[in-house]
Amino acid sequence: MDYRKFTEEDFEFLRNLVGKERASRGESNLNIHSHDESFHAGYFPDVVVWPLETEEVSKIVAYANERRIPVTPWGVGTSLEGNPLPTRGGIVLDFERMDKILAIRAEDFQVDVQAGVKYQDLNKALRWNGVFFAPDPGANATIGGMIGNNASGVRTVKYGGTRDNVAKLTVVLANGRIIRPGNFAQKSSSGYDLVHLIIGSEGTLGIVTEATLRLAGIPDQFSAAVATFPSVEAATQTVYDIMAAGLGPAALELLDISTVKVINKEAEGNLKEAPTLFMEFTGTSDLALAEDVKFAESICADNGCTGFVSGVGPDERNQLWEKRHMAYEYIKRSNPGLDFMILDTAVPLSKYPEMVDFAVKTIERHGIKGYAFGHAGDGNLHLVIAGDFSDAAFCKKRDEANHEIVSHAISLGGTATGEHGVGIGKKKFMPLEHGESLELMREIKKVMDPNGILNPGKMIDLE
Ligand SMILES: Cc1cc2nc3c(=O)[nH]c(=O)nc-3n(C[C@H](O)[C@H](O)[C@H](O)COP(=O)(O)OP(=O)(O)OC[C@H]3O[C@@H](n4cnc5c(N)ncnc54)[C@H](O)[C@@H]3O)c2cc1C
């Protein structure tokens, strides 16, 4: 696509529209919005704008569309695949200041928010109402960014990902038109599902300004458990057995031995250094919970479990999940001077043991340093590859391993990305994963964004 160069006249238009303080071409602002948390090379926008309301977004996008200026929405830039990088320059719309919780309707298990609200802040505000928004990616992401990437987290195994927890959206289309797909009902059979088309589209089909989210009740009772195993195979087989037994854990996470070692080192932990499962069960009574945990323990024992600690209190349980959430950060901290690529694939649950085994053996075969962990209960595997990315020989091995592992996940009936999105890094796998459906996706993109101004260079090319 041809884009027009951003001019001083465009800058003047934006400054007149939103005020001088909310449109910046300052070097540090451009720099902050040129990279996310991935290893992908940076791209600088021409201008950063901080909108306050839907109508402002609409006017900016309509202006950009008429003049063929790229527009890329930005949450807090914690993506891991280059998703919010402005590959063709233009306008970055930063949602930081659209951070209002508009209405809490706990009686309907719903909340209306602006796109820039961060999910951890939201849950702090919601807890007095006895409800919470369940999807919980490791980083304190915005709701807009979570919707963009269809993010999920440790509790997805019980509550689903972002896509399962959004009822209604306010979306600005590429021509500036505002639509409000969805409704407040618990279910609906009405019309094409535009809400779920937008979710996971990474800002390439429309820009979300507001959302109605579905909430869950905060459980009365919970119990966390940590189980260790003689091998990764035994741990992953246990994951399958726990899910197959219908135990319904609230979280079920795998950590390989290297990840456990890093957690112990960086968080002064005393976890047994072995392939490990972190689990959480929730319920309405102590008795029912105790039975679930006992059942889980017996499944672990059947798979040769070497240690099982359960019934930890609220503080220890929070620390446990904090450690899991921080795993990627701890890996980075314990490898100063190295660069990192984080692979994210998901496969059908029955294939999870095979997938983890394949991934671990692949990095061993290539002689690269890696750490495996992930949301095992939903078949989601992360593999962090650490190395010197200025070394061409290393990058060749890294890319070959990445290609083999992601292709293998797809061949098992899985996906190139369980939750981090396509961004820049996974675009090359789209034909392999989607086959003929990719052409329909391209047609949808052409209809919704004929000038290709929305987050260009991601997901799908118009040509
Ligand atoms: C330490 C760490 C741990 C992580 N753990 C997880 C995890 O467990 N699970 C998980 O899913 N992810 C995880 N992530 C990745 C990341 O946090 C999520 O993908 C998150 O949803 C990104 O949100 P963000 O606000 O940073 O959005 P950004 O990175 O700014 O943007 C994400 C995408 O959404 C688009 N977008 C942003 N705002 C809007 C909007 N208003 N309308 C339309 N599109 C928009 C952007 O253009 C981009 O394509 C982790 C990242 C880090 C650094």
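These numbers come from the heavy atoms of this one structure, side chains and all, not from hydrogens, waters or symmetry mates. Numbering of ligands and ligand atoms starts at 1, following listing order.
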Centre of [Y]'s six-membered ring, under 6.0 Å away, within 45 degrees of the axis: is that where NZ or CZ of [X] sits?
| X | Y | value |
| --- | --- | --- |
| Arg324 | Phe373 | no |
| Arg67 | Tyr63 | yes |
| Arg97 | Trp50 | yes |
| Lys168 | Phe184 | yes |

Could you tell me which atoms of ligand 1, counted from 1 in the order shown, lie closer than 4.0 angstrom to a heavy atom of [X]?
| X | answer |
| --- | --- |
| Ser79 | 28 (P), 29 (O), 31 (O), 32 (C) |
| Gly203 | 43 (C), 44 (N) |
| His375 | 8 (O) |
| Gly148 | 34 (O) |
| Ala115 | 41 (N) |
| Asn455 | 47 (O), 49 (O) |
| Glu37 | 53 (C) |

query: atom 5 (N) of ligand 1: which of Gly374, Gly116, Gly138 has the nearest heavy atom?
result: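 Of the listed residues, Gly138 has the closest heavy atom.
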Where does [X] meet ligand 1, judged by heavy-atom distances below 4.0 Å: at the side chain, the backbone, both, or neither?
| X | value |
| --- | --- |
| Glu202 | both |
| His325 | neither |
| Lys458 | neither |
| Thr78 | both |
| Pro84 | both |

How far is [atom] from its nearest protein heavy atom, and which residue and atom is that?
| atom | result |
| --- | --- |
| atom 33 (C) of ligand 1 | Asn149 OD1, 3.2 Å |
| atom 27 (O) of ligand 1 | Gly145 CA, 3.3 Å |
| atom 52 (C) of ligand 1 | Ala139 CB, 3.8 Å |

task: Would you please name every residue forming a side-chain hydrogen bond (donor to acceptor under 3.5 Å, both in side chains) with Thr87, sequence neighbours left out?
output: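 For Thr87, no residue satisfies side-chain hydrogen bond (donor to acceptor under 3.5 Å, both in side chains) once neighbours in sequence are set aside.
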task: Assign the ring pair Phe132 / Tyr159 to parallel, tilted or perpendicular, where the plane angle (0 to 90°) is split at 30° and 60°.
output: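 Because their plane-to-plane angle is over 60°, the rings of Phe132 and Tyr159 count as perpendicular.
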query: Just checking, any donor-acceptor pair under 3.5 angstrom between side chains of Ser152 and Glu419?
result: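 Ser152 vs Glu419: donor-acceptor pair found between side chains.
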Ion pair check, Arg105 and Asp112, cut-off under 4.0 Å: yes
query: Strictly under 6.0 Å, is that where the ring centroids of His420 and His382 end up?
result: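 So the answer is yes for these two rings.
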Taking every non-hydrogen atom, the tightest pair across Val48 and Asn29: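 Result for this residue pair: CG2-O, 3.8 Å.
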query: Of all residues at least two apart in sequence or in a different chain, which pass the side-chain contact (heavy atoms from CB on, under 4.5 Å) check with Lys265?
result: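 Partners of Lys265 under the side-chain contact (heavy atoms from CB on, under 4.5 Å) test: Ser334.
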- request: Return yes or no for this condition: an N or O of Leu80 is under 3.5 Å from an N or O of ligand 1.
  value: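 So ligand 1 has no N or O lying under 3.5 Å from an N or O of Leu80.
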